[in-house]
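The sequence lines fix the lettering, A, B, ..., with proteins before strands; numbering per chain opens at 1.
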Amino acid sequence: MANGNGIDQTHTLSVLVANKPGVLTHVSGLFSRRGYNIDSLTVGVTENPEISRMTIVAHGDEHVIEQVTKQLNKLIDIIKVVEVTPKESVDRELALIKVTAKAQNRSEVIQIVDIFRAKIIDVSSESVVIEITGSGDKINALEEMMRPFGIKEMVRTGKVALVRGSRLTQHEK
Amino acid sequence: MSANESTRLSGAKALIKSLEHEGVDTIFGYPGGQILPVYDELYDASIRHILVRHEQAAAHAADGYARATGRVGVCLATSGPGATNLVTGIATAYMDSVPVVAITGQVPTAMIGNDAFQEADITGITIPITKHNYLVKNANDLPRIVKESFFIASTGRPGPVLIDFPKDIQNTIFDYVYPDKVQLQSYKPTFSGHPLQIKKACALIEKAECPVLYVGGGAIAANASDEIRTLAETIMAPVTTTLMGKGAFPDDHPLALGMLGMHGTRFANYSIIDCDLLIAIGARFDDRVTGKLESFAPNAKVIHIDIDPAELGKNIKVDVPIVGDAKVILKKILATLKLKMPKSSEWLRKIEVWKKEYPLDYDQGGSELKPQYVIQCISQLVRDGIFVTEVGQAQMWSAHYLQCKKPRTFLSSGGLGTMGYGFPAAIGAKVGCPDKDVWDIAGDGSIQMNIQELATAMENDIKVNVAIINNMYLGMVRQWQELFFNRRYSYTNMKGQPNFVKVAEAYGAVGIEVTKKSEVKDAIKQAQKSDRVTFIDFKVTREENVFPMVPAGASISEFVEYDRRP
């Protein structure tokens with residue numbers, strides 16, 4: 001609004017939160033009520049059992065992301081909010097894909113899975129379940145390749161990210 | 001009693017003890033099934049409990065108490081409908097950053113989530129309208145939660161905190177220890193202001209030719225009135241206050257511009273348009289203030305002082321944002337400022353011309369009873385008073401014509417615009433400040449939204465006065481219909497108003513009807529002399545409008561044209 005450059009981009013926020021019930025509701029509620037767009041949100045406990053880390057992928061212009069960060073910081077149970085940029089961070093997403101694979105095309109499916117360095121973790125006479133870890137793009141690519149065979153079901157975790165190198169996301173605001 | 005002394009107490013008793021530790025002297029509340037153990041403890045507690053007639057009024061009264069005294073207001077209700085009735089009051093306090101702690105009963109923990117009788121997920125419901133909230137799941141957490149609640153409510157940008165307290169936890173006996181201090185690793189409001197930013201602000205102030213101070217409710221929360229006055233007088237800057245900031249700077253001061261924005265004075269709005277430096281103090285550039293953002297202070301550098309970092313740059317581009325407490329920061333600015341020469345008086349002269357050319361005025365209407373006249377008379381006759389308003393035309397005329405000289409003497413629902421706020425908030429203000437002459441300036445629509453509180457005021461001997469500006473319309477909505485909807489008065493004509501004098505009398509209060517200009521002052525004096533709650537029903541001209549007015553979304557210099565002179 002006031003000083004946004006208007007360029008809508010995807011941003012990844014790494015958010016340390018108190019590991020308490022209700023925190024996720026506070027965070028997701030903030031996004032919906034302030035009209036921010038959320039692409040994915042993952043949450044899990046950290047090395048400190050009292051603290052969880054959320055990885056939130058959201059899009060908007062700079063001004064919106066600045067507001068998101070500030071509003072998140074206002075929540076009492078939020079300990080720290082950092083934007084992680086692709087350059088300075090590593091990120092991964094996991095997906096499980098159930099693909100139709102009968103005897104006549106199973107080997108073709110396996111070949112593609114190998115090229116992607118994915119794994120087959122379950123097999124039946126009708127289908128296989130593929131596990132793939134990687135960037136969102138890589139998962140999208142595999143999904144595209146599998147589509148002609150018939151994707152029966154699919155689940156993705158959303159992105160998790162950590163800052164590269166020895167730098168830490170300190171446990172303080 | 002030492003704070004660390006451990007005693008075996010029930011959760012309910014521990015709550016009362018904890019509230020006593022926080023210095024709570026009054027609770028506004030309404031009992032019910034799931035809060036009974038707490039009420040049993042209140043039966044012989046030293047804390048005064050004011051029984052309201054609707055939980056909404058409990059929340060507003062706690063809010064009025066907090067705004068008038070600067071201390072945390074406390075309200076109490078049962079689960080389910082008791083809790084949901086608090087919601088409007090909590091939202092009102094949230095929008096205006098008022099420190100309130102709301103405590104609600106909840107069904108026993110084992111029944112939560114089972115759609116039990118009078119169960120409502122009040123922590124879920126109030127997430128967007130509280131600064132923080134808690135569901136007490138373990139009695140041992142209660143003292144810490146109460147301590148944190150008062151700390152969170154009253155520090156940083158103040159706001160309401162809700163504690164949901166299940167009945168089984170109220171009955172749990174545990175080792176009660178009240179904590180000495182709060183340990184919240186994730187909540188540390190910035191207080192002192194960045195030194196570099198303060199230097200930058202001073203440089204801008206030293207350079208400015210046409211500065212304006214734009215003062216909001218945050219200045220009152222920070223008790224920064226003295227510093228604002230010193231700054232204004234030092235740099236000879238005129239001061240405009242928002243509805244929430246009214247009282248932070250004396251309305252009768254020569255540098256006062258009154259309110260700005262949609263119903264701002266012309267000279268306040270023109271000053272904003274022409275200023276070269278805008279110093280915003282505890283104000284949030286609300287749409288009712290800025291109008292069209294692009295034309296708000298178009299030529300000005302902006303210094304924005306606010307304790308809430310999220311407000312800086314939210315609506316408008318700021319040149320020097322300073323996060324922190326307004327009082328502390330203004331003190332530092334005053335200590336750093338190096339003013340070699342007095343500011344040019346050219347700017348003040350320009351403003352004087354506007355003030356002469358476009359004064360706040362209205363058609364006096366001969367012998368007709370005009371609402372503005374009533375409010376002027378109240379302003380004249382009430383010394384040492386607190387004015388509380390409802391919402392609508394009477395609220396805006398109050399903002400225009402009441403002369404407030406001190407902070408915490410004008411209480412109004414600014415952000416949420418809650419009709420029905422005024423009367424219960426006036427009750428709360430009077431409880432907090434018993435020596436003040438407390439007046440609720442109401443409309444005939446608003447007063448009926450919480451008129452049942454007459455019983456609360458009478459029962460507890462809370463002497464407040466209510467001036468009903470009665471035009472038998474929902475006046476502000478009617479005004480919009482007149483100006484923007486072709487005078488189609490769709491459901492704003494309240495033909496069925498009750499006889500307010502008889503309503504007051506039915507509760508044992510005093511009711512006075514005023515139909516003539518000549519009766520106004522006597523009626524006000526009579527209300528002041530009476531030791532009973534007094535309603536004055538001022539039957540004013542029906543279709544008076546609030547002017548000046550800027551249409552929603554227009555630039556604040558584009559006033560609705562009207563015929564000012566006969």
Side-chain angles (χ1 to χ4, degrees), chain A residues 1-6 13-36 43 46-54 60-83 168-173, chain B residues 94 97 112-113 121-138 141 145 148-149 151-153 155-157 159 161-162 164 182-190 285 287 290 293-294 296-297 302 304 306-319 321 323:
Chain A
M1 190 182 267
N3 46 7
N5 59 9
L13 300 174
S14 186
V15 185
L16 292 175
V17 305
N19 185 12
K20 286 187 199 161
V23 178
L24 182 59
T25 322
H26 274 95
V27 170
S28 58
L30 175 75
F31 273 80
S32 68
R33 102 179 144 266
R34 293 206 177 257
Y36 306 140
V43 58
T46 62
E47 72 286 356
N48 178 346
E50 288 179 2
I51 294 171
S52 294
R53 185 190 296 272
M54 286 184 187
D61 65 22
E62 263 171 51
H63 178 68
V64 167
I65 296 303
E66 187 189 326
Q67 267 295 309
V68 169
T69 307
K70 284 175 167 177
Q71 294 293 347
L72 280 173
N73 264 316
K74 276 172 74 170
L75 298 179
I76 307 291
D77 285 332
I78 298 253
I79 298 161
K80 193 171 174 82
V81 184
V82 216
E83 182 172 356
L168 301 175
T169 319
Q170 297 292 328
H171 294 177
E172 53 173 72
K173 239 186 229 178
Chain B
Y94 183 72
S97 309
I112 290 178
D121 171 17
I122 197 63
T123 47
I125 289 168
T126 57
I127 285 173
I129 54 164
T130 49
K131 191 168 166 188
H132 195 50
N133 65 26
Y134 295 92
L135 171 63
V136 188
K137 286 188 166 167
N138 185 327
D141 295 336
I145 286 174
E148 286 177 7
S149 296
F151 180 71
I152 291 168
T155 54
R157 180 177 184 171
V161 177
L162 179 132
D164 200 19
V182 172
Q183 284 182 314
L184 279 165
Q185 66 162 339
S186 54
Y187 175 71
K188 291 183 184 93
T190 310
F285 296 87
D287 58 279
T290 62
L293 278 166
E294 294 72 34
F296 186 78
V302 178
H304 190 181
D306 206 294
I307 196 135
D308 180 358
E311 289 301 341
L312 303 171
K314 185 177 83 175
N315 293 339
I316 192 170
K317 192 177 161 296
V318 174
D319 298 282
V323 180

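- Every residue two or more places apart in sequence or in another chain was checked for a salt bridge (charged side-chain N to carboxylate O under 4.0 Å, His left out) with Glu83(A), and none qualifies.
- In this structure, OH on Tyr134(B) lies 6.0 Å from NZ on Lys20(A), to the nearest 0.5 angstrom.
- Proximity to chain A (any heavy atom under 4.5 Å) is shown, for Ile127(B), by both the backbone and the side chain.
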- Message: Is there a side-chain contact (heavy atoms from CB on, under 4.5 Å) between His132(B) and Leu75(A)? Walk through the geometry before answering.
- Response: CA-CA 7 Å; His132(B) 195 50; Leu75(A) 298 179; over 6 Å; no

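- Residues Arg33(A) and Ile129(B) form no side-chain contact, since every pair of their non-hydrogen atoms from C-beta on lies 4.5 Å or further apart.
- Taking 4.5 Å as the limit, every side-chain heavy atom of Glu311(B) sits out of range of all side-chain heavy atoms of Lys70(A).
- In this structure the side chain of Thr123(B) never reaches within 4.5 angstrom of the side chain of His26(A), judged on heavy atoms.
- Here the CD1 atom belonging to Ile76(A) is positioned 7.0 Å from the CG atom belonging to Leu184(B), to the nearest 0.5 angstrom.
- Using a 4.5 Å cut-off between heavy atoms, Leu312(B) contacts chain A through both its backbone and its side chain.
- Judged purely by atom type and a 3.5 angstrom limit, Gln67(A) uses its side chain to pair as donor or acceptor with the backbone of Ala310(B).
- Note that the NZ atom of Lys317(B) and the NE2 atom of His63(A) stand 12.5 Å from one another [nearest 0.5 Å].
- The OG atom of Ser186(B) lies 8.5 Å from the CD1 atom of Ile78(A); values are rounded to the nearest 0.5 Å.
- Closest heavy-atom contact between Lys137(B) and Pro21(A): NZ-CG, 4.1 Å.
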